[in-house]
Each structure stands twice: as C-alpha cells, then as structure tokens.
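Next up is a structure, given as structure tokens.
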Amino acid sequence: SPFSLSFTFFIILIMSKCRAIVWPKVILFGDSITQVYLQTDGVQKLKCDVVNRGLSGYNSRWAKILLPRLLETHNSNEGHIAAVTVFFGANDSALKGKREVGVLLTCWVVTLLSSAGVEPDKVIFITPPPIHEPAWEKECILKGSALNRLNAVAGQYAQACVEAAGQCGVNVLDLWTLMQKDGQDYTEYLSDGLHLSQKGNQFVSEHLWRLLQRRMEELPFILPYWADVNATSPETTLLCD
C-alpha cells in the first residue's frame, strides 16, 4: 500500500543518517583457562560485548606474536576497547622450554598500547592459579605422561606477572596468591588440578569485577532504557543517535 511504502522509505531515510550500533568491548585474552571461563559464569555485568580469545595450549611467547593481529580486528574504527585481560602462565610454567615471562609480559603491554591505543588503566594482567600437583599428575598419567607442572614454578610466573604489571603501570589480579591466602584450601577452585572449577570461575568473576566495575560504570548506555522508548513511534527513539 502507499502508506507502507512511505513508511518504509521513511525508515530507510532515517537509518541512512544513523550510525551503526557499536558496543564497547572487553577482550579476554589467554589460554584454555580463559577459553572455558566464558562458557560458565564468566563476566555478566558489563555494558559491552565480551570477546573471548582464550586459546587452548597457547603460551605467552605465542601470544606476543598473535596479539597485534588480534587487536587489528578491534581497533578504534570498529569500536571502543573498554578493557583487555591478559591471562597466561599455565602453559608457560610447563617443565620445559625457556622462561622469559617477565620480559614477554612487558613487551605485550608495549605492543598493546602502541598498536591499539589502549591506555594502561584498561589493561589487567591475571596470574596463573595455583596447581594442585596430585590431581594434575593423575590427569598427566591418563594422557601417558609424567607430571609436567609444579605449583612452585607457577608461583614464579605469577611473581613475574605482578612485577611486570608494576613496571608497566597496569592492574593485576594475582590468583596464585589470592587462592592460597591464609592457607585456604585452593583445590576447590580447580577442576583437575590445573583448570578452574565452577567455584574457581566464580572466584575470578568476583575479583575481576572489582577491577572492571569503575570502567563499566563510566560507560554510557548504547540504547535507551525501555521505559524511555516512545511507544507510539518507537523509530523516533531507536533510530536516533
């Protein structure tokens, strides 16, 4: 009908003058612990998109190579980066290969800041959690190998992570220390001695939210609150910047 054609033309005309809707992003960059993290409780309280870039088996050396490419797809032309978490160490602390995590972490931040313009206060390092060696050894045996990680070595990586964060002026969530604080039983935070259990994911969520909360509260709402939408003519509200 003429009315429907006129209305369609009106919508097209308005949309041509509106910018595309782009949500700010929180990028979760890490190994399999990050990969599984968002599949459970994860980050739930954000006014933005959560981009999970958890890569099973990856270590900090590989991450240093990959990070600039990852950020190219989330640059300022596509959307605002609200925060980036960098969560490696579980694979770096395997009992083989070179151990240069402190240097690598520093390089990541330099690369991060120069390639994507992400300010230091938007970057959060997360240390590896503690390792429960008896439980993880059972997993190793099932896969036909000997115990390949030690809690003490994971602690060395956690310490290097904290030191690098201090040098770069970024925030850090020290899971290795927090989960063992005051001699508490940290095994309940682990599903297999290495990866996080549901309770471990909740632990990360609670502590990570404390670091993210201020950044999230400062973000504007991208779309109007439902009660503010013009019920009679919703396009006048929803199609305006």
Pair listing, ring-ring contact (aromatic ring centres under 6.0 Å, His included) test, anchored in residues 50-71, at least two apart: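 Sorted result for residues 50-71: Y58-W62.
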
Please state whether the rings of H195 and W136 are parallel, tilted or perpendicular, taking 30° and 60° as the class boundaries.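 H195 and W136: perpendicular rings.
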
Assess the side chains of Y189 and Q180: does a donor N or O sit below 3.5 Å from an acceptor N or O?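 Distance-only check fails for Y189 and Q180.
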
Side-chain touch V170/F125, heavy atoms, less than 4.5 angstrom: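 In short, these two side chains touch, coming nearer than 4.5 Å.
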
Hey, does T177 have a side-chain heavy atom less than 4.5 Å from the side chain of T127?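 Of all side-chain heavy-atom pairs linking T177 with T127, none is under 4.5 Å.
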
Please indicate whether Q159 has more than 12 foreign heavy atoms, meaning atoms of other residues, nucleotides or ligands, lying under 6.0 Å from its CD.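 For Q159, atom CD is not crowded (no more than 12 foreign heavy atoms under 6.0 Å).
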
Are L212 and I124 packed together at the side-chain level, in the sense that at least one heavy-atom pair is separated by less than 4.5 angstrom?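 Result yes, sub-4.5 Å side-chain heavy-atom pair found.
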
Do you know the tightest heavy-atom contact between L194 and P129?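 Closest approach of L194 to P129, heavy atoms only: O-CG, 4.0 Å.
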
Given 3.5 Å as the limit, does a donor-acceptor pair link the side chain of D182 with the main chain of Q184, or not?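 Absent.
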
Between the side chain of N52 and the main-chain N/O of T34, is any donor-acceptor distance below 3.5 Å?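 Flag set: sc N52 to bb T34 pair under 3.5 Å.
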
Would you check if L28 and V51 make a side-chain contact, meaning some heavy-atom pair closer than 4.5 Å?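 They are not in side-chain contact.
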
Under a 4.5 Å cut-off applied to non-hydrogen side-chain atoms, are M179 and L196 in contact?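 When only atoms from C-beta onward are counted, L196 and M179 do touch, with a gap below 4.5 Å.
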
Flag the pair L208 / L173 as yes when at least one side-chain heavy-atom distance between them is below 4.5 Å, and no otherwise.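 Counting from C-beta outward, L208 and L173 do come under 4.5 Å.
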
pair L190-S197: side-chain heavy atoms closer than 4.5 Å: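 Of all side-chain heavy-atom pairs linking S197 with L190, none is under 4.5 Å.
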
State yes or no: are the ring centers of F29 and F88 separated by less than 6.0 Å?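 Yes, the ring centres sit under 6.0 Å apart.
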
Closest non-hydrogen atom pair between A154 and P128, with its separation: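 Answer, listing the atom of A154 first, then P128: O-CG, 3.8 Å.
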
